[in-house]
Protein chains: 2
Amino acid sequence: MTTRKDIAERNDRALLQAARDVLAEDGAHASVAAIASRAGVGIGSLYRRYKTKEELFQRLSVLSLDHWNEAAERGLADPDPWAGLAAFVRSCVEFGQGSLSPIAGAVEVTREMSAKARHGDELLDELVRRAREAGVLRGDVTAVDISLLIEQLGRSPLVDQLRKQGRDDLLPAAAEARRRLVAIAIDGLRPGSRPLPGSPPGGELFTDRWSSPRQP
Amino acid sequence: MTTRKDIAERNDRALLQAARDVLAEDGAHASVAAIASRAGVGIGSLYRRYKTKEELFQRLSVLSLDHWNEAAERGLADPDPWAGLAAFVRSCVEFGQGSLSPIAGAVEVTREMSAKARHGDELLDELVRRAREAGVLRGDVTAVDISLLIEQLGRSPLVDQLRKQGRDDLLPAAAEARRRLVAIAIDGLRPGSRPLPGSPPGGELFTDRWSSPRQP
DNA sequence: TGATTGCGGAGCGAATCGCTCCGCTAAGGA
DNA sequence: TCCTTAGCGGAGCGATTCGCTCCGCAATCA
């Protein structure tokens with residue numbers, strides 16, 4: 001038997017996942033109608049849970065930060081420094097961290113969010129430091145590089161395109177191709193003799209993500 | 001002295017580059033007003049050159065396919081198989097091939113475009129075959145994987161976000177960080193003992209990109 | 001200098017936006 | 001079993017943004 005509460009919880013989860021999907025496809029222009037439709041939920045139901053579009057996006061941001069931190073903790077708990085780091089990256093990519101970059105500069109950043117972001121930075125720094133000391137990470141790869149890698153891999157243009165064309169039959173193949181791509185990119189982090197171009201990016205790029213002022 | 005013709009040509013180049021930039025940031029929702037504004041050109045001037053928005057996007061697609069094919073020819077001309085492949089990928093990423101995926105399924109695909117796309121597929125296949133036979137490419141990396149890698153790296157979320165926040169001072173650092181990221185991803189293509197997950201994607205995924213029917 | 005080219009942007013109708021409100025279905029209580 | 005009511009879906013609101021047209025005016029050519 002499905003109680004009211006069950007339906008509500010299922011709808012809420014569907015809404016959050018749909019919001020991530022639509023954000024990944026449409027970026028900052030993602031509309032609430034598209035999110036509700038993707039979730040298979042009426043617009044009215046969305047607005048009973050979230051007073052405004054911004055409130056939904058803030059909730060999404062907090063959940064995303066929580067996932068980042070939990071994944072980093074799990075990675076640190078792994079005795080193998082490389083396995084821990086790789087699992088962290090993979091988890092963040094699969095969660096869809098990268099799809100949130102369009103709203104990172106658009107939502108009001110609460111004190112809670114910037115505190116969690118700061119903590120997440122520290123955890124990633126530790127993951128990187130541990131992997132580098134163990135010699136399983138390219139010496140010139142920084143935490144900023146990994147953060148950007150996660151963001152860059154967050155979207156799946158091919159999956160988006162196929163879905164818009166209604167080629168649902170090819171979606172599994174596309175998802176698998178994407179998984180291979182992520183594996184390739186992660187392998188690029190392992191030690192190699194080829195130096196990366198340019199100087200390592202400073203911390204300013206990283207810590208600024210959730211704390212910089214909104215565009216007026 | 002700047003003649004009328006000079007101004008027209010400069011404007012046309014600015015429009016095409018602006019279109020790529022805005023497409024990378026806003027995806028399929030990119031507006032002509034945003035493109036013209038980014039190019040520093042009036043909307044009227046844009047519409048004298050291109051009758052409709054679709055015509056601009058088609059021109060962009062053809063230029064993109066041309067660049068792909070020329071970059072692949074240059075890569076094949078390089079006696080070093082790995083250097084040729086890496087230069088091809090880097091050139092396509094820098095050109096912004098990835099930013100066109102939102103319109104690939106939206107514009108009317110002409111016979112000319114699908115012919116060029118088919119030729120581009122053959123060139124990439126040859127680049128991959130050559131590199132693999134030379135032993136400078138992971139044995140389980142396919143042409144599809146490389147095509148997806150180019151598409152995935154085509155956007156630069158961090159640069160977009162910083163620009164929207166008006167942090168132009170950080171743009172050079174962000175661009176450099178992106179260059180490092182591309183280098184990391186390309187390095188992942190080199191031979192390694194770690195097998196990629198899943199089975200190699202079939203050609204259906206690849207050749208379908210510019211030839212599949214439009215969504216009704 | 002007069003003719004003319006072509007640039008920039010105000011403004012058009014149409015489409016889409018975020019959001020409100022309400023009829024109606026179906027779960028809960030007796 | 002039947003009434004109550006929680007809560008879902010979507011029509012429709014005003015505001016905004018869309019693609020695109022048209023024209024006044026500055027700058028170039030003859």
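Chain letters run A, B, ... following the sequence lines, proteins first and then strands; every chain starts at 1.
The backbone N or O of B:L16 lies less than 3.5 Å from no partner atom in the side chain of B:R59, so there is not a single donor-acceptor pair. At distances below 3.5 Å, at least one donor-acceptor pair connects side-chain atoms of A:R178 with backbone N or O atoms of A:L153. A donor-acceptor contact shorter than 3.5 Å is absent between the side chain of A:D26 and the backbone of B:H29.
For the pair A:H29 NE2 and D:dT16 P, the interatomic distance rounds to 16 Å; values are reported in whole Å. One atom, NZ of B:K53, and another, P of D:dT21, lie 14 Å apart when rounded to the nearest Å. As rounded to whole Å, 9 Å separates atom P of D:dA11 from atom CD1 of A:I43. Atoms CG (B:L46) and P (D:dC18) sit 14 Å apart, rounded to a whole Å. Rounded to whole Å, atom P of C:dG9 lies 12 Å from atom CG of B:N11. Summarising the geometry, the separation between CZ on B:F57 and C1' on D:dG19 is reported as 11 Å, rounded to the nearest angstrom. Atom CZ in A:R10 sits about 11 Å away from atom C1' in D:dC8, given to the nearest Å. The distance between atom OH of B:Y47 and atom P of D:dC23, rounded to the nearest whole Å, is 18 Å.
Ring orientation note: the planes of A:H67 and A:F95 are close to parallel, at an angle under 30° on the 30°/60° scale.
Taking every side-chain heavy atom of A:S31 into account, C:dG18 is the closest of C:dG18, D:dG19, D:dG9.
Note on A:A30: only backbone sugar-phosphate atoms sit closer than 4.0 angstrom, heavy atoms only; bases stay farther off.
Listed pair B:S45 / C:dG6 fails the phosphate criterion, with no side-chain N or O lying under 4.0 Å from OP1 or OP2. At least one side-chain nitrogen or oxygen of A:R49 sits closer than 4.0 Å to the OP1 or OP2 atom of D:dC8.
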